[in-house]
Amino acid sequence: MTALRAGELVGFPTETVYGLGADATNAAAVARVFALKGRPADHPLIVHLAGIESLSWWAATVPPVALALARQFWPGPLTLIVPKAAHVLALVTGGQDSVGLRVPAHPVAQRLLTAFGGGIAAPSANRYGRLSPTRADHVRDEFGAALGALLDGGEAQLGLESTIVACLGDTVRLLRPGVITRSQIEAVAGPLSAGGAVPRASGDRAKHYAPQTPLELLPTAALEARAAALAGPDHRLAVLAMRPPRVALPEVTWIDAGDRPDDYGHSLYNHLRSLDRGGFVRILVETPPDTESWAAVRDRLQRASAATT
Ligand code: TXA
Ligand code: MG
């Protein structure tokens, strides 16, 4: 890919969300990713690879458990944190001695990575702290002219960022829940270590993945009453729920996103993006069940509401 070789940035689709990519061995290009996103320098980037063969070039050592997870889930929505090889730029890893690696499954990402031949350092293609993009026009809206190229791969199939698993020392930890669940990871890796002193865990700042409209999480039974109490002619209100409303609520825009975690996750950022443009005073969100299949959605919603509640 000529743009990447020339040190330019490329917006590209993956099955999770769109990425903002740079040649991972080009320090100036990687620095532009941080500048464009407004991302703090100590917040590491994931290096995207065409296939599992390159894992050992980027890692100082490949823990057997990391290899087993890569064999099971790559290409796919799993990022592995492993000890970094000496040549991996400190800029990419935020100065840490580990590196995040992922082989995306999206055919357009696969073609780009195969043609380029190297690693592509890419965060989600959104400004720091904002919602991840699930469509090419989201990336165009946010970064348009600053990109060397923008590849349109249609709407991201999964719509939520990859599951992140750290395989460091003797421990295996889940740093960010995603579509690949904890049990799926444990089926390969055995029981995971509890959280704790993980260096710079994913999204360790509470407010992340957030719309600009205040977002409030509520139990299902509280939705109608809270909506009725807050809504008014000058206070248009949005509700993102897993069911239809039980009473008529004028001045309330009610989105029933359904009660299936995959469909809900697929459209979550899209819904929040359009609600963000709707001039609402607040978005009320029904808290999803505390079950494993909802873990990724719950995680993103809790972060999105962190600044509000
Ligand atoms: O699905 C995804 O993972 C998307 C697509 C584009 O691949 N990428 C993505 O990147 O979500 P980003 O930068 O928005 O989130 C990656 C997270 C960050 O929170 C970062 O802190 C964490 O991964 N991360 C990367 N390398 C790490 C490392 N060495 N140790 C701990 N966390 C790391
Ligand atoms: Mg991100």
Side-chain angles (χ1 to χ4, degrees), residues 9-22 24 30 33-34 36-49 58-60 66 73-85 88-106 108-110 112-113 119-134 138-139 142 151 153 156-169 171 173-180 195-210 265 269 296 299-300 303-304:
L9 307 189
V10 173
F12 67 99
T14 82
E15 70 278 32
T16 58
V17 300
Y18 274 71
L20 176 66
V30 174
V33 172
F34 281 91
L36 203 58
K37 269 191 73 106
R39 182 171 181 139
D42 63 355
H43 215 71
L45 305 182
I46 296 170
V47 178
H48 296 68
L49 310 172
W58 292 90
F73 295 111
W74 284 357
L78 175 69
T79 295
L80 293 170
I81 311 289
V82 293
K84 82 171 192 73
V88 181
L89 295 175
L91 201 57
V92 169
T93 67
Q96 303 188 59
D97 51 14
S98 61
V99 62
L101 301 172
R102 160 160 134 79
V103 175
H106 195 292
V108 174
Q110 274 290 326
L112 174 70
L113 284 158
I120 299 180
S124 52
N126 52 280
R127 292 197 196 281
Y128 181 66
R130 299 282 174 77
L131 298 166
S132 292
T134 54
H138 298 162
V139 183
E142 230 159 335
L151 306 180
Q157 188 199 340
L158 303 177
L160 294 175
E161 304 82 356
S162 60
T163 303
I164 303 184
V165 175
C167 304
L168 298 171
T171 65
R173 290 189 169 100
L174 181 66
L175 300 193
R176 180 172 72 184
V179 169
I180 296 176
V198 178
R200 206 135 292 131
S202 150
D204 53 359
R205 290 157 184 94
K207 186 170 161 65
H208 220 101
Y209 312 110
Y269 290 148
D299 170 74
R300 304 312 187 272
R303 292 176 198 279

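Counting starts at 1 for both ligands and their atoms, following the listed order. Sequential numbering from 1 along the given sequence is applied to the chain's residues.
- Here the shortest heavy-atom distance to atom 15 (O) of ligand 1, taken over Gln96, Arg176, Lys37, belongs to Arg176.
- Looking at Ser124, Gly178, Ala125 and measuring to atom 10 (O) of ligand 1, the nearest heavy atom belongs to Ser124.
- Shown here are the side-chain contact (heavy atoms from CB on, under 4.5 Å) partners of Ala156, two or more places apart in sequence or in another chain: Thr134.
- Here the side chain of Lys37 pairs a donor or acceptor atom with the backbone of Asn126 at under 3.5 angstrom.
- Residues satisfying the side-chain contact (heavy atoms from CB on, under 4.5 Å) criterion with Val179, sequence neighbours excluded, are Leu158.
- For ligand 1, none of its N or O atoms has an N or O atom of Tyr18 under 3.5 Å away.
- Comparing heavy-atom distances from atom 6 (C) of ligand 1 across Ser98, Pro133, Gly19 singles out Gly19 as nearest.
- Considering each of His48, Arg39, Arg173, the one bringing a non-hydrogen atom nearest atom 13 (O) of ligand 1 is Arg39.
- Close contacts of ligand 1 with Pro123, meaning ligand atoms under 4.0 Å from a residue heavy atom, involve 10 (O), 12 (P), 13 (O).
- Residue His106 holds its NE2 atom at 10.0 Å from CG of Leu151, rounded to the nearest 0.5 Å.
- Formation of a donor-acceptor pair under 3.5 Å by the Glu161 side chain with backbone atoms of Gly178 is not found in this model.
- At a heavy-atom distance under 4.0 Å, no atom of Lys84 approaches ligand 1.
- From Ile120, atom CD1 reaches atom OG1 of Thr14 across 11.5 Å, with rounding to the nearest 0.5 Å.
- For Thr93, no heavy-atom contact with ligand 1 is shorter than 4.0 Å.
- Ring pair Tyr269/His138: centre-to-centre distance not below 6.0 Å.
- The ligand atoms of ligand 1 that sit less than 4.0 angstrom from a heavy atom of Thr16 are 1 (O), 2 (C), 4 (C), 5 (C).
- In summary, the atoms of ligand 1 found under 4.0 Å from a heavy atom of Ile46, numbered by their order in the structure, are 3 (O), 8 (N), 9 (C), 10 (O), 16 (C).
- To the nearest 0.5 Å, atoms CZ (Arg102) and CD1 (Ile81) are separated by 12.0 Å.
- No hydrogens or angles considered: a donor-acceptor pair under 3.5 Å links the side chains of Arg176 and Ser162.
- Residue His43 has at least one heavy-atom neighbour below 4.0 Å for each of these atoms of ligand 1: 19 (O), 21 (O).
- With sequence neighbours excluded, the residues that form a side-chain contact (heavy atoms from CB on, under 4.5 Å) with Gln157 are Glu15.
- Near Ser162, meaning under 4.0 Å from any of its heavy atoms, are these atoms of ligand 1: 1 (O), 2 (C), 3 (O).
- Formation of a donor-acceptor pair under 3.5 Å by the Thr163 side chain with backbone atoms of Ile180 is found in this model.
- Residues His43 and Tyr128 bring their aromatic ring centres within 6.0 Å.
- Neighbouring protein atoms of the Mg ion (ligand 2) (N, O or S, distance under 2.8 Å, waters ignored): Ser124 OG.
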